[in-house]
Amino acid sequence: MGFCLFNNIAVAARAALARGIQRLAIVDCDVHHGNGTQDIFATEPRVMYVSSHQSPLYPGTGRTSEEGVGNVVNIELPPGTSSMHFREMYRERALPALRAFQPELILVSAGFDGHRLDPLANLNLVAEDYAWITRELLALPSVKGRMLSMLEGGYSLTALYECTRAHVHAMFE
Ligand SMILES: [Zn+2]
């Protein structure tokens with residue numbers, strides 16, 4: 001329900017499944033909940049959808065209680081969320097769920113509107129947080145370096161530049 005005509009990440013996920021990937025995870029760090037992506041995969045046990053997003057914020061979905069068929073992990077971040085809290089939530093909820101799910105491929109909905117400079121939201125993240133999560137995801141034993149990332153939100157051009165650079169650098173470390 002954002003600014004998208006096609007859900008690129010969902011098309012990529014379906015294409016990967018059609019080509020023989022058994023289990024994949026979509027990790028959505030965009031500050032807005034990916035309600036379309038969740039809706040598409042909520043009943044698809046081969047796909048885990050992990051979203052961290054500001055709550056409350058548009059579009060208003062993505063409550064912790066929305067769990068799909070056990071394949072959806074929603075992390076609600078209050079306005080003002082710091083790097084420390086963001087990383088704690090990934091360490092405590094997202095990463096253990098992903099480790100247990102054992103995805104062969106990670107698709108990242110790489111929205112950088114959680115950066116503290118972003119004018120549409122109120123989180124206090126910095127570029128290094130996105131590098132950190134990139135490294136953590138790539139370190140999952142089942143992933144073996146298979147990560148595909150698609151640029152999503154980000155409405156401060158300075159933050160978008162810094163975060164994209166940090167994310168891509170971390171992918172190639
Ligand atoms: Zn967004």
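Whatever order the structure lists them in is the order used to number ligands and atoms, beginning at 1. Quick note: numbers below take in every heavy atom, side chains included, and nothing from hydrogens, waters or symmetry partners.
Between H167 and F112, the gap from one ring centroid to the other is short of 6.0 Å.
Restricting H32 to its N, O or S atoms, the one at the least distance from the Zn ion (ligand 1) is ND1. For D113, the N, O or S atom with the smallest separation from the Zn ion (ligand 1) is OD2.
At a threshold of 4.0 Å, the pair E92-R87 does not count as salt-bridged, since none of the basic side-chain nitrogens sits closer than that to a carboxylate oxygen.
Residues forming a side chain to side chain donor-acceptor pair (under 3.5 Å) with R135 (at least two apart in sequence, or on another chain): E128, E173.
Residue D30 counts as close to the Zn ion (ligand 1), with an N, O or S atom under 2.8 Å.
In summary, the side chains of N74 and E67 do not present any donor paired with an acceptor at a separation below 3.5 Å, with no hydrogens or angles considered.
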